Protein chains: 2
Amino acid sequence: MEWDRRRRKSDDSGDGTRRGYHHGNLREALIGAALDLIASKGLSGVTFAEAARAAGVSAAAPYRHFPDRESLLAEVARRGFEHFAERLEAAWQDGRPEPVAAFNAVGRAYLAFARAEPAYYTAMFEAGLSLDDHADLRAAGDRAFAVLRGAAERLVGDLPREGRPPALMMALHVWSMSHGIAALFARADGGRRRLPMSAEDLLEAEVLIYLRGLGIAA
Amino acid sequence: MEWDRRRRKSDDSGDGTRRGYHHGNLREALIGAALDLIASKGLSGVTFAEAARAAGVSAAAPYRHFPDRESLLAEVARRGFEHFAERLEAAWQDGRPEPVAAFNAVGRAYLAFARAEPAYYTAMFEAGLSLDDHADLRAAGDRAFAVLRGAAERLVGDLPREGRPPALMMALHVWSMSHGIAALFARADGGRRRLPMSAEDLLEAEVLIYLRGLGIAA
DNA sequence: GGCGTGATGTAATAACCGTTCACATGGAGT
DNA sequence: ACTCCATGTGAACGGTTATTACATCACGCC
């Protein structure tokens, strides 16, 4: 790995603790610490000072790698969107073996990510990061959305030309459903309120009804 | 008003500035300051110290009215849900003159609230407040949701018994759509990304397609 | 192999915030 | 008039962000 070459020879124990004057991989260590802190103490628990402590460096060291605390969170969120896009792509599988089923798989993958990676999801959608201040964050988010949009285009393509809805609109609709359910009901803490069904089933039913409304049958 | 009686006679200028040793209406002043701070500096700009400064009292004074900073935000969010429920009820109008049209009005009212009251909306949905720690907050949220649920029950009631979907599920679906669109596209800053149509139109189309999928025509 | 330099980490510091505590004030009721 | 207690004050503690001058060392260059 790239960073292995940069570590000091006396610091190759692999346990992540610092050995010499230089950490050798502080940037990665801080990102990892931020993820751990989100998971254990929530967004407000993510502290430059605490992340630095976890990495075994002084409180000022993180400023060599991130201009400020928010940029650290933005980088976590950016990576979250990268992983997110990968998961969605893996679920979509270019619409194979069957577009509607693959589309439902994308929806399930959306919620699965929110559940399996609550720390990333929190940084991505709940950290209040401005997309204008972090252009690369917006780009990563766009890449994830592109999967939804591509899938929508495929589904819409099977409809007769007249009355065919815009694929972009359909993608936005499905995104809003997925995000709405994830934000309201599929949070790490089990969601903001109790449900009579799983968030996954709720979303699947919602998408199914929506697709039926578009004339796309399962 | 109630609090007027509690103000000192020398403090009835009405400009909100403190005159004597006691403020007379600090609790309300803090809530107002919190709303202003959310609007001007965002959630992280809401500071007990800053709110106290705005009210012209010392930094320790707020603790006489709220156990901690989070409780102030929770109270703001609670009031937000109260107003929210009122707006939704006003839009629904018990389903008059026509249920589907009234239902769409509820959706528009949802987004209108997110736009017109970004400070409340932020406190309600983006402050990361635990509903378990603030029972009254949950109750206020439930009251707002009850409007959606009642509307859903009305719409579902017009369907034939066989295959009639659960009203609760339908209410959750519509809530997820509304919240998803509000969170993703109708934020105060104009939303996280550009849209080819207004958030209101996007939601109206989404609900329309969804209702068609349920067999409820416009 | 020796050297300089830029990247990386440290210590010290200033400003700010949440929170607590002992104490001060004065409005309300007796 | 007097007391009570809700409300506000000032000082203090520990923690956070961020900046600055200084320390260390890995690497490339000769």
Side-chain angles (χ1 to χ4, degrees), chain A residues 2-12 16-31 33-34 37-38 41-75 127-129 133, chain B residues 2-12 16-31 33-34 37-38 41-75 127-129 133:
Chain A
E2 162 68 15
W3 53 266
D4 264 336
R5 284 195 288 104
R6 309 197 56 181
R7 297 189 91 161
R8 297 185 65 247
K9 292 168 195 66
S10 61
D11 187 22
D12 54 1
T17 55
R18 190 175 70 90
R19 294 298 164 82
Y21 188 89
H22 288 100
H23 183 286
N25 195 26
L26 183 52
R27 186 182 165 88
E28 292 301 317
L30 290 172
I31 291 168
L37 286 172
I38 295 176
K41 303 200 231 167
L43 256 184
S44 64
V46 179
T47 272
F48 247 32
E50 187 75 23
R53 260 192 297 276
V57 297
S58 76
Y63 290 90
R64 297 293 181 194
H65 299 273
F66 300 96
D68 52 32
R69 183 197 113 111
E70 191 177 281
S71 295
L72 170 59
L73 283 177
E75 171 62 12
L129 298 168
D133 295 349
Chain B
E2 161 68 16
W3 54 266
D4 263 336
R5 283 195 288 103
R6 308 197 57 182
R7 298 189 89 162
R8 299 183 64 245
K9 292 169 193 65
S10 61
D11 186 23
D12 54 1
T17 56
R18 190 175 69 90
R19 295 296 166 83
Y21 188 90
H22 289 101
H23 182 286
N25 195 25
L26 184 52
R27 186 182 165 89
E28 292 301 318
L30 291 172
I31 291 168
L37 286 172
I38 295 176
K41 302 200 230 167
L43 257 184
S44 64
V46 179
T47 268
F48 245 34
E50 187 75 22
R53 259 191 299 276
V57 297
S58 76
Y63 289 88
R64 296 295 179 193
H65 300 274
F66 300 96
D68 51 31
R69 184 197 112 112
E70 191 177 281
S71 295
L72 169 58
L73 283 177
E75 172 61 11
L129 297 168
D133 295 348

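Here the structure is a predicted model, which means the values were calculated and not measured. Side-chain atoms are counted along with the backbone in the values below, which use heavy atoms only and exclude waters and symmetry mates. Labels below follow one simple rule: chain letters A, B, ... track the order of the sequence lines, proteins then strands, and each chain is numbered from 1.
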Inset, instruction - For A:Ala49, report the nucleic acid contact type (base, sugar-phosphate, nothing); a contact means any heavy atom under 4.0 Å. - result: sugar-phosphate
Inset, instruction - Name the nucleic acid region contacted by A:Phe48, choosing base, sugar-phosphate or nothing; use a 4.0 angstrom heavy-atom cut-off, strictly under. - result: sugar-phosphate
Inset, instruction - Quickly work out the A:Leu72 CG to D:dA18 C1' distance and round it to whole Å. - result: 15 Å
Inset, instruction - Give the rounded distance in Å between these two atoms: CG of A:Leu73 and C1' of D:dT17. - result: 13 Å
Legend entry - Point-to-point distance, once rounded to the nearest 0.5 Å, from CG of A:Leu73 to CD of A:Glu70: 7.5 Å
Legend entry - Sugar-phosphate only, base, or nothing, as touched by A:Ser58 at under 4.0 Å among non-hydrogen atoms: base
Legend entry - C:dG9 phosphate, OP1 or OP2, under 4.0 Å from A:His65 side-chain N/O: yes
Legend entry - Separation of C:dT20 P from B:Tyr63 OH (nearest whole Å): 7 Å
Inset, instruction - Select one nucleotide: of C:dG9, D:dT17, C:dG18, the one nearest the side-chain heavy atoms of A:Val57. - result: C:dG9
Inset, instruction - Would you kindly compare B:Arg64 and B:Asp68 by the position of their nearest DNA chain C nucleotide and give the one closer to the 5′ end? - result: B:Asp68
Legend entry - Check: A:Phe48 main-chain N/O paired with A:Arg69 side-chain donor or acceptor under 3.5 Å: no
Legend entry - Atom pair distance, as rounded to whole Å: NZ in B:Lys41 and C1' in C:dC17: 12 Å
Legend entry - Sugar-phosphate only, base, or nothing, as touched by A:Arg27 at under 4.0 Å among non-hydrogen atoms: nothing
Legend entry - Interatomic distance where CZ belongs to A:Phe66 and P belongs to D:dA18 [whole Å]: 13 Å
Inset, instruction - Could you check A:Glu50 against A:Pro67 and say which one's nearest nucleotide on DNA chain D is further toward the 5' end? - result: A:Glu50
Inset, instruction - Determine the minimum heavy-atom distance between B:His23 and B:Ala55, stating which atoms define it. - result: CD2-O, 3.4 Å
Inset, instruction - For the pair B:His22 (side chain) and B:Gly24 (backbone), establish whether a donor and an acceptor sit closer than 3.5 Å, ignoring hydrogens and angles. - result: no
Inset, instruction - Mind checking the CD-CG spacing from B:Glu75 to B:Leu129? Nearest 0.5 Å is all I need. - result: 11.5 Å
Inset, instruction - Specify the separation, in whole Å, of atom CZ of A:Arg53 and atom P of C:dT10. - result: 13 Å
Inset, instruction - Could you give me the CA-CA distance, side-chain angles and deciding distance for B:Leu37 and B:Glu50, then say whether side chain to side chain contact (heavy atoms under 4.5 Å, CB included) is met? - result: CA-CA 8 Å; B:Leu37 286 172; B:Glu50 187 75 22; 3.7 Å; yes
Inset, instruction - Compute the angle between the rotation axes at the two ends of the helix from C:dG1-D:dC30 to C:dT30-D:dA1, each taken over five pairs, rounded to 10 degrees. - result: 10°
Inset, instruction - Would you kindly give the NE2-to-C1' distance between B:His23 and C:dG27, to the nearest whole Å? - result: 16 Å
Inset, instruction - Would you indicate what A:Ala59 reaches in the nucleic acid, counting non-hydrogen atoms under 4.0 angstrom: base, sugar-phosphate, or nothing? - result: nothing
Inset, instruction - Would you give the length of the straight line joining atom CD1 of A:Ile38 to atom OG of A:Ser44, rounded to the nearest 0.5 angstrom? - result: 10.5 Å
Legend entry - Nearest listed nucleotide, side chain of A:Ala61, among D:dT9, C:dC17, C:dG9: C:dG9
Legend entry - Candidate nucleotides D:dA6, D:dT16, D:dA18, ranked by approach to the side chain of A:Arg69 - the nearest: D:dA18
Legend entry - Inter-residue atom distance B:Arg64.CZ - B:Leu30.CG, 0.5 Å rounding: 13.5 Å
